[in-house]
There are 2 protein chains.
Amino acid sequence: MLDHPAVEDIDLTTILAALGDPIRLAILGDLARSTGTALCCADFRELTSKSNLTYHIARMREAGIVHVEPSGTRRLISLRRADIDSRFPGVLDAIIANAIALPSPFGPEGCGLQ
Amino acid sequence: MLDHPAVEDIDLTTILAALGDPIRLAILGDLARSTGTALCCADFRELTSKSNLTYHIARMREAGIVHVEPSGTRRLISLRRADIDSRFPGVLDAIIANAIALPSPFGPEGCGLQ
DNA sequence: CGCTTAGTTCAATGTTTATTGAACAAAGGA
DNA sequence: TCCTTTGTTCAATAAACATTGAACTAAGCG
């Protein structure tokens with residue numbers, strides 16, 4: 001539980017598959033928009049249900065895209081941006097640059113975050 | 001049949017999902033390595049079976065990643081690099097740069113091309 | 001201690017995906 | 001015209017994926 005792959009074990013196919021889903025791409029966008037502020041699962045509640053979020057965030061964690069750290073009753077989610085960039089230079093940055101501009105797949109009001 | 005999405009209909013999630021598969025990422029790598037030479041389905045035969053190639057190449061075509069053009073008894077496959085770059089700048093280039101370096105998922109001898 | 005907030009686990013369900021092999025179609029060369 | 005090469009279609013199948021809701025755990029607060 002809460003296993004994070006080592007940098008050298010991060011796989012490009014797995015990263016792309018993990019981001020090839022509207023909910024997870026929206027999570028990526030939210031995380032990228034909020035650099036500095038740590039987000040927790042509850043911050044993504046407008047995207048889907050609690051248990052479904054557990055599922056999607058676990059997929060991103062297992063792919064090596066996010067780091068999840070328990071903090072009291074919550075889990076702080078952060079991007080492993082430097083890790084992915086060192087392993088696959090430019091890939092995550094390019095995706096983020098485009099994902100940030102994307103409208104939220106769940107209504108024009110966005111996800112509520114910034 | 002042989003429907004290609006218009007540039008403005010190309011979707012980032014769909015592209016990432018299409019490339020989040022070892023066979024399709026290998027096809028992308030082969031195409032990127034062979035700029036100048038047009039490839040046909042048969043050039044990917046070391047990756048999987050004929051009918052499975054039809055399936056994977058159709059997915060890439062429907063995602064807007066490749067253009068497929070009949071030519072005699074074959075189909076010439078080419079990357080829609082400029083199209084994707086105009087829609088999602090940098091994304092495909094970054095993925096290609098990393099995919100090219102990737103070992104073929106099907107044996108150290110690579111795919112036989114190049 | 002009891003309540004609330006945050007998130008997980010689990011089983012169930014329906015959908016999509018990947019893969020196979022056999023049968024088929026279409027173009028080109030001998 | 002027959003044969004070969006190239007690729008498609010189709011049905012079947014197994015596996016992976018996404019989604020739900022109910023039950024649960026764990027931490028913090030009053």
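Hydrogens, waters and symmetry mates are skipped; everything else that's a heavy atom, side chains included, is used. Numbered from 1 within each chain, the chains take letters A, B, ... in sequence-line order.
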Worked check of side chain to side chain contact (heavy atoms under 4.5 Å, CB included) between B/Ile27 and B/Leu39
CA-CA 10 Å; B/Ile27 291 176; B/Leu39 296 186; over 6 Å; no
Check whether any side-chain nitrogen or oxygen of B/Arg74 sits under 4.0 Å from OP1 or OP2 of C/dA26, and answer yes or no.
no
By nearest atom, which of the nucleotides C/dT19, D/dG7, D/dA27 is closest to the A/Thr73 side chain?
D/dA27
Atom CG of B/Leu2 and atom P of D/dT8 are separated, to the nearest Å, by 8 Å
B/Asn52 CG to C/dA18 P, straight-line distance once rounded to whole Å:
9 Å
For D/dT8, take OP1 and OP2 only and decide whether either is under 4.0 Å from a side-chain N or O of B/Thr54.
yes
Give the rounded distance in Å between these two atoms: OH of A/Tyr55 and P of C/dT13.
18 Å
Under the criterion salt bridge (Lys or Arg N to Asp or Glu O under 4.0 Å), I'd like the reasoning laid out for B/Asp93 against B/Arg81: C-alpha separation, chi angles, the key distance, then a yes or no.
CA-CA 8 Å; B/Asp93 286 345; B/Arg81 207 159 170 168; 3.2 Å; yes
Under 3.5 Å, is there a donor on one side chain and an acceptor on the other for A/Arg80 and A/His67?
no
Within residues 62-72 of chain B, those residues having any heavy atom closer than 4.0 Å to DNA chain C are B/Gly72
Assign A/Ser51 to base, sugar-phosphate, or nothing according to its heavy-atom contacts below 4.0 angstrom with the strands shown.
base
Using atom CD1 of A/Ile77 as one end and atom P of C/dA6 as the other, report the distance to the nearest whole Å.
13 Å
Closest heavy-atom pair, A/Ile57 versus A/Val66, reported as atoms and distance to 0.1 Å, is O-CG2, 4.2 Å
Taking the nucleotide of DNA chain C with the nearest heavy atom to each, does B/Lys50 or B/His56 sit closer to the 5' end?
B/His56
Whole Å only: how far is the CZ atom of A/Arg45 from the C1' atom of C/dT5?
12 Å
Just the rounded figure in Å: distance from C1' of C/dT8 to CZ of A/Phe44.
17 Å
Take the protein atom CG of B/Asp3 and the nucleotide atom C1' of D/dT8, then report the distance between them rounded to whole Å.
16 Å
Taking only N and O in the side chain of A/Arg75, is any of them less than 4.0 Å away from OP1 or OP2 of C/dT8?
yes
Judged by each residue's nearest nucleotide on DNA chain D, which is more toward the 5′ side, A/Gly20 or B/Leu76?
B/Leu76
Using the side-chain contact (heavy atoms from CB on, under 4.5 Å) rule, pick out the option among B/Asp83, B/Asp85, B/Leu28 that qualifies with B/Leu92.
B/Leu28
May I have the distance from A/Leu47 (atom CG) to D/dT20 (atom P), rounded to whole angstrom?
12 Å
Check the pair A/Cys41 / A/Ile77 against side chain to side chain contact (heavy atoms under 4.5 Å, CB included), numbers first and verdict last.
CA-CA 7 Å; A/Cys41 299; A/Ile77 323 280; 4.1 Å; yes
Any side-chain N or O of A/Arg24 less than 4.0 Å from the OP1 or OP2 oxygen of D/dA18?
yes
Report yes if at least one side-chain N or O of A/Arg59 is closer than 4.0 Å to OP1 or OP2 of D/dC17; otherwise report no.
yes
Would you check, one step at a time, whether the test side chain to side chain donor-acceptor pair (under 3.5 Å) holds for A/Asn52 with A/Ser49?
CA-CA 5 Å; A/Asn52 196 227; A/Ser49 68; 5.0 Å; no
